[in-house]
Amino acid sequence: MAQERKKKAGVLPPDGGWGWMIVAGCFVVTVCTRAVTRCISIFFVEFQMHFARDYSGTAWIHSLVDCTTMLCAPLGSLIGNHLSCRVAVILGGFLASIGLVLSSFATSLEYLYLSLGVLTGLGFALCYTPAIAMVGIYFCERKSLAYGIAMSGSGIGTFILAPVVQMLIEHYSWRGALLILGGLVSNLCVCGALLRPITLKEEEACPLPVDSECGYSTKPLVAISPAEEKQLEAERSKQQRDSKQRCLQSMQEYHFLLMPDFLVLAGSFLFLASGCSLPFVYLVPYALDVGVSHHHAAFLMSILGVIDIVGNITFGWLTDRRCLKKYRGICYMVAVGMEGLCCFLIPLLHTFALLVPFSVLYGYFDGAYVALIPVVTSDVVGTTYLSSALGVVYFLHAIPYLVSPPIGGKWQQLHMHSLSEAFMSEKYRILTEGFKEHFLYE
């Protein structure tokens with residue numbers, strides 16, 4: 001009975017202890033989900049050559065992985081809320097691993113759309129949101145730092161995996177590389193086992209007030225009657241409270257959707273997602289098109305990854321400082337604005353020496369933005385609704401992630417076609433001038 005009362009009463013966020021194991025688990029989850037998704041762009045040229053398809057058709061693979069991961073994020077939140085985050089992550093790790101293994105036997109691009117794009121993306125969706133939400137439950141005072149460390153897994157993973165995947169492709173072909181990645185991603189099941197659930201105190205959870213107009217009352221019924229009638233009344237009132245509480249929880253789970261601050265934040269995520277994924281999809285193909293070698297192109301992804309780590313941790317640490325805690329929203333806007341500025345400069349970069357500074361700046365501010373997503377969301381909706389809110393936030397990334405890479409692929413094709421035409425016209429002009437000079441000389 002004492003244990004039940006303690007469990008019901010809940011605890012304060014530990015801000016340490018087993019919380020650091022939760023951070024470690026979330027770190028590995030981001031390595032196996034976001035870093036692996038980024039490294040799919042290294043397979044881009046291999047898929048394009050093997051299946052003899054254009055930029056746009058090949059880009060649908062990366063689009064579907066990202067889109068399915070974000071589109072099914074609310075499903076991950078739902079399983080995490082109603083079963084447990086542990087169950088959601090273990091199930092997601094199993095599905096993602098199976099998807100990558102099946103992809104190694106692909107016979108067409110459409111096969112990869114289903115196995116790599118949909119099945120693996122669904123597995124990533126079930127892992128990503130619950131793992132991130134657990135960090136917010138275990139940390140309060142050092143929340144930004146904890147998220148900075150946890151989210152840096154995408155950067156560290158990209159830094160390590162980019163050259164490793166390139167080496168695996170060279171030694172074992174793209175099929176062998178996907179098979180090995182499937183084994184790596186199966187470690188998500190281990191990460192899920194680390195996610196020990198806790199119940200926060202009610203004052204920490206800050207539940208929304210009961211709507212009296214709906215007929216719900218938070219005051220316990222007081223029975224003034226003999227002993228038997230009092231017992232029956234108590235049981236009846238307990239059953240009513242339990243049913244009303246379940247109904248109320250289901251109603252309040254998405255109550256944050258009516259908050260103006262959350263709607264503005266959601267709009268910013270929607271627009272940002274339309275452009276932030278393109279450099280991770282097309283940086284390697286673009287670098288190869290402008291004459292950068294395969295190893296240098298993969299190294300650009302590594303630079304993006306390692307600087308991403310710096311952005312994760314430094315912005316996480318800075319926004320935990322007392323002087324900046326109130327201005328986390330402004331820090332988020334600065335990171336987003338700098339990402340957009342970097343994207344504007346891409347058409348001017350045609351050498352490896354110019355693409356390196358781009359990778360450094362874009363990687364840093366992308367790391368900052370990724371680390372701040374759950375932090376600013378938690379600041380707006382509170383810890384209680386963080387899991388559901390993150391499901392909605394990542395859901396809003398889905399459609400932009402789906403349509404942006406193929407649109408970018410069409411633009412890339414037009415750009416390369418115009419460059420080819422310009423080169424041919426310039427070559428024709430030089431030859432014509434050469435003939436004219438020759439005939440005039442004669």
Side-chain angles (χ1 to χ4, degrees), residues 24-50 58 61-62 65-66 69 93 96-106 112 115-117 120-121 123-124 127-128 149-191 277 279-288 292-312 352 355-356 359-360 362-363 366-367 370:
C26 186
F27 174 89
V28 178
V29 167
T30 55
V31 170
C32 294
T33 56
R34 302 313 300 157
V36 169
T37 300
R38 289 178 179 181
C39 288
I40 289 174
S41 63
I42 298 175
F43 291 91
F44 192 98
V45 176
E46 300 295 327
F47 292 153
Q48 193 178 15
M49 292 173 63
H50 185 85
T58 312
I61 299 172
H62 195 288
V65 177
D66 260 337
T69 301
S97 179
I98 291 295
L100 283 163
V101 171
L102 291 176
S103 298
S104 66
F105 301 100
L112 286 171
S115 60
L116 187 56
T120 302
F124 288 166
C127 297
Y128 194 55
I149 295 171
M151 304 302 283
S152 67
S154 60
I156 294 175
T158 306
F159 173 69
I160 296 172
L161 285 178
V164 169
V165 167
Q166 183 64 46
M167 183 188 70
L168 290 174
I169 291 172
E170 291 175 359
H171 284 80
Y172 303 108
S173 81
W174 62 266
R175 295 184 186 275
L178 285 174
L179 193 62
I180 294 169
L181 282 180
L184 172 69
V185 167
S186 65
N187 287 290
L188 287 168
C189 299
V190 181
C191 297
S277 65
F280 292 102
V281 180
Y282 287 114
L283 181 60
V284 171
Y286 177 79
L288 294 174
V292 177
S293 68
H294 282 78
H295 285 286
H296 282 165
F299 184 62
L300 290 172
M301 286 296 291
S302 295
I303 294 172
L304 265 178
V306 73
I307 302 300
D308 196 284
I309 307 161
V310 181
N312 285 144
F352 177 73
L355 286 169
V356 168
S359 298
V360 170
Y362 190 85
D366 183 76
V370 168

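Computed from a prediction, not measured in an experiment: that's the story for all the values here.
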Visitor: Could you please spell out the steps behind the side chain to side chain contact (heavy atoms under 4.5 Å, CB included) verdict for Leu288 and Phe44?
Guide: CA-CA 11 Å; Leu288 294 174; Phe44 192 98; over 6 Å; no
Visitor: Which atom pair, heavy atoms only, marks the closest approach of Gly182 to Val101?
Guide: CA-CG2, 4.2 Å
Visitor: According to side chain to side chain contact (heavy atoms under 4.5 Å, CB included), who are the partners of Ile149, at least two apart in sequence or on a separate chain?
Guide: Trp20, Val23, Leu145
Visitor: Would you call Leu188 and Val28 a side-chain contact if the rule is heavy atoms closer than 4.5 Å?
Guide: no
Visitor: Test of understanding: with ring-ring contact (aromatic ring centres under 6.0 Å, His included), list the residues that count as partners of Phe124, not counting sequence neighbours.
Guide: none
Visitor: Where is the tightest heavy-atom contact between Cys127 and Val29, given as atom of each residue plus distance?
Guide: O-CG1, 3.9 Å
Visitor: Tell me every residue that passes side chain to side chain donor-acceptor pair (under 3.5 Å) with His295, counting only those two or more places apart in sequence or in another chain.
Guide: Glu170
Visitor: Suppose the criterion is salt bridge (Lys or Arg N to Asp or Glu O under 4.0 Å): which pairs have a residue in residues 35-44, not counting sequence neighbours?
Guide: Arg38-Asp308, Arg38-Asp366
Visitor: If you round to the nearest 0.5 Å, how far is CG of Leu181 from OG of Ser103?
Guide: 10.0 Å
Visitor: Run through Val31, Val165, Leu161 and flag the one making a side chain to side chain contact (heavy atoms under 4.5 Å, CB included) with Val36.
Guide: Leu161
Visitor: Are Phe299 and Val356 close enough that some pair of their side-chain heavy atoms sits under 4.5 Å apart?
Guide: no
Visitor: Let me confirm one number: the CD-SG distance from Gln166 to Cys39, rounded to the nearest 0.5 Å.
Guide: 10.5 Å
Visitor: Sequence neighbours left out, what passes salt bridge (Lys or Arg N to Asp or Glu O under 4.0 Å) with Arg34? Give chain and number order.
Guide: Asp66
Visitor: List the residues meeting side chain to side chain contact (heavy atoms under 4.5 Å, CB included) with Leu102, not counting sequence neighbours, and say none if there are none.
Guide: Ile98, Tyr111, Ser115, Leu119
Visitor: Report the C-alpha separation of Tyr286 and Leu355 in whole Å, then their side-chain angles, then the decisive distance to 0.1 Å, and conclude whether the side chain to side chain contact (heavy atoms under 4.5 Å, CB included) test is met.
Guide: CA-CA 10 Å; Tyr286 177 79; Leu355 286 169; 4.1 Å; yes
Visitor: The test is side chain to side chain contact (heavy atoms under 4.5 Å, CB included); show your working for Tyr362 and Ile307 and say whether it passes.
Guide: CA-CA 9 Å; Tyr362 190 85; Ile307 302 300; over 6 Å; no
Visitor: Which pair of non-hydrogen atoms, one from Ala287 and one from Leu300, has the smallest distance, and what is that distance?
Guide: CB-CD1, 3.8 Å
Visitor: Work out which heavy atom in Ser359 is nearest to a heavy atom in Leu304; give both atom names and the distance.
Guide: O-CD2, 3.4 Å
Visitor: What's the spacing between Ile61 CD1 and Leu112 CG if we round to 0.5 Å?
Guide: 4.5 Å
Visitor: Quickly, which of Ile169, Leu100, Thr120, Ile40 forms a side chain to side chain contact (heavy atoms under 4.5 Å, CB included) with Leu178? Name it, please.
Guide: Leu100
Visitor: Closest heavy-atom contact between Ala177 and Leu168?
Guide: CB-CB, 3.8 Å
Visitor: Which pairs with one or both residues in residues 160-180 pass ring-ring contact (aromatic ring centres under 6.0 Å, His included), sequence neighbours excluded?
Guide: Phe47-Trp174, His50-Trp174, Phe51-Trp174
Visitor: In chain order, what residues pass the side chain to side chain contact (heavy atoms under 4.5 Å, CB included) check against Ile160, with sequence neighbours excluded?
Guide: Ile156, Val164
